[in-house]
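A quick write-up on the structure given underneath.
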Amino acid sequence: MIQKQELLSLIEACRSVRRLRQLHGLMVATALVRDVVPLSRLIDFCVDSRHRDIAYARALFARVPAPTTYMWNSVIRGLSDGDEPEAALALYADMLRHGRSPDHFTFPFALKACSRVPDPSFGRCVHGRVVKAGYEADVYVSSTLIHMCVSCGDIPSATSLFQNAVNRNIVTWTTMIAGYAETDRAGEAIRLFSEMELEGVEPNEITMVHVLVACAQSRDLETGRRIHARLRRAGAESIPSNLVLATALVGMYARCGSLKTARHLFDKMTVKNEVSWNSMISGYNQYGRPNEVLQLFKEMRDAGLKPDKVTLLSLLGACADIGALPLGQEIHACVEKTIGSGDVAIGTALVDMYAKTGDAPSALQIFASLEGRKDVMAWTSMILGLAKHGHGTAAIDLFVEMTQHGVAPDDITFIAVLTACSHAGMVDEGRKYLEAMEKLYGMEPRMEHYGCVVDLLSRAGRLAEAERIVRSMPIEPSTTIWSSMLSGCGIHGDVALAGRIGDQLAQSKPQGGGTSVLISNIYAGAGRWQEVDEARRLMWKKGLKKTHGCSSI
DNA sequence: CTAGGGTTAG
């Protein structure tokens, strides 16, 4: 008959679940089957990420008449990071029902499960018990509590837990920094990092990763560089040997538009995975470098890696940029073969690609197939696609439909809507939507929004209205805005307004020769040669030459 | 037996 000590060493040496089942079989005939120590080892083995057989772990657990807290914890832990975190919570509830008190191990596991389920009430429930049982001071518990609040989108609670924490360690700080970075509060993340340094807490690699993410998100290249310099001082390596850290660094430079630096570091990485390749490729995509996207993707494939969802997003973006429909179709086929086009992000990228490459029917078809999953980006890309194809009315109809579906428009939606009005010459609608944006939706129009409407009014010859908008805008009008007004002046022969704009521009700092040329052309058109000379002289005085037209091809 | 890591469309 097998002895306990022998069994334990056999379990420790075990390498597969198959073998583990045999060992379990050996126990069944003996009293060891009721011994919690070997049983715990068996459960831990199945829960371990290397072997992972949760079903077997649960089966073993179910046969134990009075499982120890340790066993409850093991199974909850195993379920908490699996495919069904709900099961971890169900087991946690079972544990309470069996009169077992959760301990400082149980809570981190249960809270992890809470942060992975959509319903925030589980988290609140477990949080309540943490307080009742007096585990708030435990750093493990408080860190997972903060993480859980962040996952539920409850930043105020996370912040208050962090500030009131009796014990904080680097994980607590990092969790809070990551929480801010993940929820578009990059400024807060960076501020908290400075505070941490002032308190003399040393960051580790994970902290650095999140600070770099915050820098990337807010395009804060300056802070990003400082972090990079720190990393170089800390380790002798020119690129961190840690894959995730190196990727975050590349991603930071790429998102800030320092593509050369990003690429330089990327090329130095000796080990790369999909995420590393994606961060470089999406950098090229975000900054309008479609050829580099396609080139680097080829290299990624040559390196033996397959494109995933994120890679495909960039590839579709590149096709849209260069107007490559056949290539776009090829990538679409690849999407269907691998992840499917049902994902909103992918669907939106497809809609955009088809719209920009001139295949409106396919764009519409993909859009329709998204059904109830359509978010603001999906709607906006379709509205913009229709607008650019000259279907202004259809675009506006779609906007109305979107609001009826309860999807709230954002600033970019309004650019799409105003573009639709602009392309279709819907002057009054354009004015109406600009006003609605402010008054109804409480959004502050940006230069692009004013630009659309000014362009629309100018082209319709309603220059007085355009001028009124420009003069009452809360922001300094851009050259583009003045240019579209001047174009309007040219078309509708409003020499007086062109002159006023010219004076205005003469007082401001030089912004390029384009507007001066427009003005002198308007004077020339009206036969006012003296003013033409004057306008040209002004151009020279400001040290400007007529900028030559430059083709993108 | 415990907590916190990178890429993502309009």
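Hydrogens, waters and symmetry mates are skipped; everything else that's a heavy atom, side chains included, is used. Bear in mind that the values here come from a model prediction, so they are computed numbers and not experimental data.
- Side-chain atoms of A:S341 and A:E336 include a donor-acceptor pair closer than 3.5 Å.
- Side-chain N/O atoms of A:N285 and A:S282 include no donor and acceptor closer than 3.5 Å.
- If you check every strand for non-hydrogen atoms under 4.0 Å, A:V213 touches sugar and phosphate atoms only.
- No more than 12 heavy atoms of other residues, nucleotides or ligands lie within 6.0 Å of CD in A:E12, so this atom counts as exposed by the packing criterion.
- Salt bridge status for A:R41 with A:D35: absent, with no side-chain N to carboxylate O gap under 4.0 Å.
- Using a cut-off of 4.0 Å between Lys/Arg side-chain N and Asp/Glu carboxylate O, A:R52 and A:D81 are scored as salt-bridged.
- Using a 4.0 Å heavy-atom distance criterion, A:D138 is classed as making no nucleic acid contact.
- Here the range on DNA chain B touched by chain A, meaning any atom under 4.0 Å from one of its heavy atoms, is B:dC1 to B:dG10.
- Using a 4.0 Å heavy-atom criterion, one finds that A:T175 contacts the sugar-phosphate atoms exclusively.
- Using a 4.0 Å heavy-atom distance criterion, A:D44 is classed as making no nucleic acid contact.
- Using a 4.0 Å heavy-atom criterion, one finds that A:S142 contacts no nucleic acid atom at all.
- A:V250 comes within contact range of no nucleotide atom at all, as no heavy-atom separation falls under 4.0 Å.
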Return all side-chain donor-acceptor pairs below 3.5 angstrom for residues 363-371 of chain A, not counting sequence neighbours, or 'none' if the list is empty.
{"residue": "A:S369", "atom": "OG", "partner": "A:I366", "partner atom": "O", "Å": "2.6"}

